[in-house]
Amino acid sequence: MADTGNNDKVKQILQTVMAVPEGSVATYGQIADLAGLPGRARLAGRSLRADFNGEPVPWHRILRADGKIAFPPGSEKAKEQRELLMAEGIMVKDNRVKLRNCQWQPDMATILFTLKY
DNA sequence: GATGTGACTTTGT
DNA sequence: CACAAAGCCACAT
């Protein structure tokens, strides 16, 4: 039962997301890049939609490139994400976060850590 | 297997 | 700010 080969990439994405510290956020593209999968922002989104199997994946810290929550404003998911973000002290204005202030900037050690594997 | 969709991004109108 | 186009690719029809 050889795996599809894609499963590894998904795990890679999730592992990278788990490296995002509380109080910070990242974009789908940023996660994909750090995971060694440039141009795969969509895969990042799909990976987060999947089942985490109990892993503590902070999916709520992942936003679109413009800082907006990737769910329709007013939707339950959007509300949930906003609550989780605010619970970490992140300001959310109209379904949007100020990346300039909250975007995660991984240190070299973390970059090497996530990029490897 | 072609087509459409989507938790995306970037560049250009 | 909104929209279009192109790039990306897994998945559903």
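Using P as the reference atom, B:dA7 and C:dG7 are 22 Å apart when rounded to the nearest Å. Distance noted for atom C1' between C:dA10 and B:dG1: 16 Å (whole Å).
Nearest nucleotide to the side chain of A:Arg96, out of B:dA7, C:dA10, C:dC1: C:dC1. Listed candidates were C:dA10, B:dC8, B:dT10. Nearest to the side chain of A:Arg46 is C:dA10. Looking at the side chain of A:Arg64, the nearest of the listed nucleotides C:dA10, C:dC1, B:dT9 is B:dT9.
Between the CD atom of A:Gln12 and the P atom of C:dA10 there is a distance of 15 Å, rounded to whole Å. In this entry the distance linking CH2 of A:Trp59 with P of B:dC8 reads 13 Å, nearest Å. A:Asn7 places its CG atom 13 Å from the C1' atom of C:dA10, with the value rounded to the nearest Å. Summarising the geometry, the separation between CG on A:Leu85 and P on B:dA7 is reported as 18 Å, rounded to the nearest angstrom. Nucleotide B:dT9 holds its P atom 14 Å from the CG atom of A:Leu37, rounded to whole Å. Between the OH atom of A:Tyr28 and the P atom of B:dT9 there is a distance of 8 Å, rounded to whole Å. The CG atom of A:Asp66 sits 13 Å away from the C1' atom of B:dA7 (whole-angstrom rounding). Counting to the nearest Å, the P atom of C:dC1 and the CG atom of A:Asp94 are 10 Å from each other.
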Report the C-alpha separation of A:His60 and A:Glu88 in whole Å, then their side-chain angles, then the decisive distance to 0.1 Å, and conclude whether the side-chain hydrogen bond (donor to acceptor under 3.5 Å, both in side chains) test is met. CA-CA 10 Å; A:His60 56 280; A:Glu88 298 186 355; 2.9 Å; yes
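OP1 and OP2 of B:dT5 both lie 4.0 Å or more from every side-chain N or O belonging to A:Arg49.
A:Glu80 places no side-chain N or O within donor-acceptor distance of the main-chain N or O of A:Lys77, the cut-off being under 3.5 Å. A donor-acceptor contact shorter than 3.5 Å links the side chain of A:Arg61 to the backbone of A:Val20. Using a distance-only test at 3.5 Å, with no hydrogens or angles considered, a donor-acceptor pair links the side chain of A:Thr114 to the main chain of A:Thr110. Under a 3.5 Å cut-off, the side chain of A:Asp107 and the backbone N or O of A:Ala109 do form a donor-acceptor pair. Judged by distance alone, the side chain of A:Gln30 and the main-chain N or O of A:Gln103 form no donor-acceptor pair under 3.5 Å.
Within a 6.0 Å sphere centred on CE of A:Met91, heavy atoms belonging to other residues, nucleotides or ligands number 12 at most.
A:Arg61 comes within 4.0 angstrom of no nucleic acid atom, judged by non-hydrogen atoms across all strands.
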In dot-bracket form, how is DNA chain C paired, counting a Watson-Crick or G-U wobble pair only if both its distances are under 3.5 Å and using | for bases paired to another strand? .||||||.|||||
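Considering CD of A:Gln12 and CG of A:Leu34, their distance stands at 10.0 Å, rounded to 0.5 Å. To the nearest 0.5 Å, atoms CZ (A:Phe71) and CD (A:Gln81) are separated by 6.0 Å.
With DNA chain C read from its 5' end, the first of the two nearest nucleotides for A:Leu43 and A:Lys68 is the one closest to A:Lys68.
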Between protein and nucleotides 6-8 of chain C, what N or O pairs are separated by less than 3.5 Å?
{"from": "C:dG7", "atom 1": "O6", "to": "A:Arg42", "atom 2": "NH1", "distance (Å)": "3.4"}
{"from": "C:dC8", "atom 1": "O3'", "to": "A:Arg40", "atom 2": "NH1", "distance (Å)": "2.4"}
{"from": "C:dC8", "atom 1": "O3'", "to": "A:Arg40", "atom 2": "NH2", "distance (Å)": "3.0"}

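One hydrophobic cluster holds both A:Ile31 and A:Phe52 under the rule that ILVMFWY side chains link at heavy-atom gaps under 4.5 Å.
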